[in-house]
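Values below: all heavy atoms of this structure, side chains included; hydrogens, waters and symmetry mates excluded. For the single chain, residues carry numbers from 1 onward in sequence order. None of these values were measured; they are calculated from a predicted model.
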Amino acid sequence: MKKIILVLSMLFVSTGMMFAQSDLQVLTVVKYNKPESITVKQVKTRCDTYEKQLGQKLTLEQKKQVLSALVDEKLVLQAAAKAGITIPDSTVDQYFMQAMSQSIGAVVTEKELNDLLKKEKNTTLDAELLAQTGMNVADYKAYLKNQLIAQQYVIQMKQNEIQAVSPTDAEIRGFYEGNKASFVWSDMVKLFVVGVPKGTNADAAKNKINDLRNKYVDKKMTKEQLITQSQLNSSEFYANEGILPKTEAGAASIGLTYASLLYIYEMNVGYVSDVSETDEAFLFIALTDKYAAKLLGLSDIVTPDSTVTVYEYIKQNLAQTKAQAYIQQAAQTVADELRKPEYIEEKKTGAALDKLLNWGD
């Protein structure tokens, strides 16, 4: 019995080595700037990502298309490296968290997202990304960095053409007419909030907030001075100004009840509340402006604190959309221009390539 087990173990090890060797087979070498191999494993990894997104297995022809796309990607990345284009990791992190925040509908940090996933799904961001894309966080960021570098190179190569892509007046007005209902202001308030954390001495915090309120009401300290001072002494008190919708969610975002927000909205601009107490702090609120709901025209500003009109806002967004669509087309054009025989060495073709790409079949 021991001999049989030993033989089976050797077979399993041998089979695993065969799979490993197959994964390391080089399919194509890209050498625009330097020799760089594309292996079966790299194609498998990218196919796994697409299969998870599509929810179905890729055909042999689709796998070949993935291989071709990887060749294009490496050609563009090598050309970008030769042109000296780089993207700092901080930019990659920013784009990564923007994508993650959009996916859950809230602005979060990587740690906050990990904590949220742990609490709600008992998992990690690594595990969640791996399940959805076949890449962990590090792999996904590396992929994102390559995409950003490639995009920057395409923009550099086709800058004049991209700048020439701009929406017409008719397109802008047509977009507005088709989406007019979305260009509205709800009732809003602009509030200046000053708070002092209780910390370990609630009495001292209360004295501090009363002093700050008196100075503000008596015009001994302006709103701008309080904001500046709070930034220098952030541990002592906070002071900030912002616009809120007259909704329950808007009230909750600064720790107010909806009834309190409605009361403030009915006051005249310049109103300053009494000092109120929350579990964590003492604070007062000043009403610095308010805005009634209205349907926006093309010449209206998009938000109360903005100088951008609805017309300019639509123009900017349509221009960005059209430019992005052009960049996608231009990316293929740039890759095609780089696809010269001297830059691509196909190590596997025909039946040999088909056999390596038909994994699992």
What closest approach, in Å, do Ile327 and Val154 show between heavy atoms, and which atom pair accounts for it?
-> O-CG1, 3.9 Å
Tell me, do Leu117 and Thr124 make a side-chain contact under 4.5 Å, heavy atoms counted?
-> no
Tightest non-hydrogen contact, residues Ala323 and Ile162, listed as CB-CG2, 3.9 Å
When rounded to the nearest 0.5 angstrom, what distance separates CZ in Phe284 from CG in Leu212?
-> 6.5 Å
Apply salt bridge (Lys or Arg N to Asp or Glu O under 4.0 Å) to Glu171 and list each qualifying residue two or more places apart in sequence or on a separate chain.
-> Lys322
All pairs passing side chain to side chain donor-acceptor pair (under 3.5 Å) where residues 270-282 contributes a residue, at least two apart | Lys198-Glu277
Does a side-chain N-to-carboxylate-O contact under 4.0 Å join Lys145 and Asp89?
-> yes
OG1 on Thr228 to CE on Met221, rounded to 0.5 Å | 8.5 Å
List the steps, then state whether salt bridge (Lys or Arg N to Asp or Glu O under 4.0 Å) holds for Lys347 with Glu345.
-> CA-CA 6 Å; Lys347 293 291 188 180; Glu345 183 181 352; 2.8 Å; yes
Steps toward side chain to side chain contact (heavy atoms under 4.5 Å, CB included) verdict (Asp203, Asn201) | CA-CA 6 Å; Asp203 289 338; Asn201 192 335; 3.8 Å; yes
To the nearest 0.5 Å, how far apart are NZ in Lys63 and CG in Leu58?
-> 7.0 Å
Nearest non-hydrogen partners of Leu75 and Leu338, listed with the distance = O-CD1, 3.6 Å
So the side chain to side chain donor-acceptor pair (under 3.5 Å) pairs with at least one residue in residues 149-162 (sequence neighbours excluded) are Lys158-Glu337
Kindly check if the number of other-residue, nucleotide or ligand heavy atoms within 6.0 Å of NZ (Lys206) is above 12?
-> no
Starting from the C-alpha separation in whole Å, work towards a yes-or-no answer on side chain to side chain contact (heavy atoms under 4.5 Å, CB included) for Leu125 and Met100.
-> CA-CA 10 Å; Leu125 183 55; Met100 296 299 104; 4.2 Å; yes
Between Asp305 and Lys190, does a side chain to side chain contact (heavy atoms under 4.5 Å, CB included) hold up when you go through it step by step?
-> CA-CA 10 Å; Asp305 279 352; Lys190 189 174 187 180; 3.1 Å; yes
Report the residues that fulfil side-chain hydrogen bond (donor to acceptor under 3.5 Å, both in side chains) with Ser260, sequence neighbours left out, ordered by chain and then residue number.
-> Thr257
Side chains of residues 307-315: which donor-acceptor partners sit under 3.5 Å, not counting sequence neighbours?
unit_1	atom_1	unit_2	atom_2	d
Thr309	OG1	Glu312	N	3.1
Tyr311	OH	Asp169	OD1	2.6

Identify whether Leu67 and Ile344 are in the same connected component of the hydrophobic contact network (ILVMFWY, side-chain heavy atoms under 4.5 Å).
-> yes
If every non-hydrogen atom of Thr109 is compared with every non-hydrogen atom of Glu112, which pair is closest and at what distance?
-> N-OE1, 2.9 Å
Could you label the plane-to-plane angle of the Tyr176 and Phe183 rings as parallel, tilted or perpendicular, counting under 30° as parallel and over 60° as perpendicular?
-> tilted
Is it true that Tyr291 and Val193 fall in one hydrophobic cluster, defined by side-chain heavy atoms closer than 4.5 Å?
-> no
Residue list, side-chain hydrogen bond (donor to acceptor under 3.5 Å, both in side chains) with Lys41, at least two apart or on another chain | none
Heavy-atom pair of closest approach, residues Val302 and Leu296 = O-CD1, 3.8 Å
Among the clusters formed by ILVMFWY side chains lying less than 4.5 Å apart, do Leu262 and Val272 turn up in the same one?
-> no
Does any donor atom in the side chain of Gln132 or Glu128 lie under 3.5 Å from an acceptor atom in the other side chain?
-> yes
Charged N to carboxylate O under 4.0 angstrom, Lys111 versus Asp115?
-> yes
When rounded to the nearest 0.5 Å, the distance separating CG of Leu261 from OH of Tyr263 is 13.0 Å
Could you grab the distance from atom SG of Cys47 to atom CG of Leu54, nearest 0.5 Å is fine?
-> 10.5 Å
When rounded to the nearest 0.5 angstrom, what distance separates CG in Leu283 from CZ in Phe237?
-> 13.5 Å
Can a salt bridge be assigned to the pair Lys215 and Asp211 using a cut-off of 4.0 Å between side-chain N and carboxylate O?
-> yes
Common cluster, Leu113/Leu130, ILVMFWY with side-chain heavy-atom separation under 4.5 Å = no
Residues in salt bridge (Lys or Arg N to Asp or Glu O under 4.0 Å) contact with Lys208, at least two apart in sequence or another chain | Glu236
List the atom of Phe96, the atom of Leu144, and the distance in Å for their closest heavy-atom pair.
-> N-CD2, 3.7 Å
Are side-chain N/O atoms of Asp336 and Gln332 paired as donor and acceptor at under 3.5 Å?
-> yes
Residues clustering with Leu295 (ILVMFWY side chains joined when closer than 4.5 Å, directly or via others) | Val184
Would you say the side-chain atoms of Thr49 pair up with the backbone N or O of Thr133, donor to acceptor, closer than 3.5 Å?
-> yes
Just by modelled atom types, is the Ala99 backbone N or O under 3.5 Å from a matching donor or acceptor in the Gln102 side chain?
-> no
With the side chain counted from C-beta on, respond yes when Gln42 and Leu27 share a heavy-atom pair under 4.5 Å apart, and no when they do not.
-> no
Apply salt bridge (Lys or Arg N to Asp or Glu O under 4.0 Å) to Glu51 and list each qualifying residue two or more places apart in sequence or on a separate chain.
-> Lys57
Is the number of heavy atoms from other residues, nucleotides or ligands under 6.0 Å of Gln320 CD greater than 12?
-> no
Lys220 backbone acceptor or donor facing Asp218 side chain under 3.5 Å | no
Please identify each residue that fulfils side-chain hydrogen bond (donor to acceptor under 3.5 Å, both in side chains) with Lys355, with sequence neighbours left out.
-> none
Given the rule in the side chain to side chain contact (heavy atoms under 4.5 Å, CB included) test, do Leu129 and Met135 qualify, once you have shown the distances and angles that lead to the verdict?
-> CA-CA 6 Å; Leu129 266 182; Met135 295 181 280; 6.0 Å; no
Should Glu342 and Lys31 count as side-chain neighbours, where that means a heavy-atom distance under 4.5 Å?
-> no
Show which residues join Val26 in its hydrophobic cluster (side-chain heavy-atom contacts under 4.5 Å, direct or indirect), or state none.
-> Val29
So, the side chain of Asp48 versus the backbone of Lys44: is there a donor-acceptor pair under 3.5 Å, distance only?
-> no
Single hit among Leu77, Val76, Val92 for side chain to side chain contact (heavy atoms under 4.5 Å, CB included) with Asn146 | Leu77
Give a yes or no on whether the backbone of Ala293 and the side-chain of Asp187 come within a donor-acceptor separation of less than 3.5 Å.
-> yes
Give the cluster check for Leu191 versus Met267: same hydrophobic cluster or not, with ILVMFWY residues linked at side-chain heavy-atom distances below 4.5 Å.
-> yes
Look at the side chain of Asp126 and the backbone N and O of Val137, then say whether any donor-acceptor pair between them is shorter than 3.5 Å.
-> yes
Set of residues satisfying salt bridge (Lys or Arg N to Asp or Glu O under 4.0 Å) with respect to Asp354, sequence neighbours excluded | Lys64
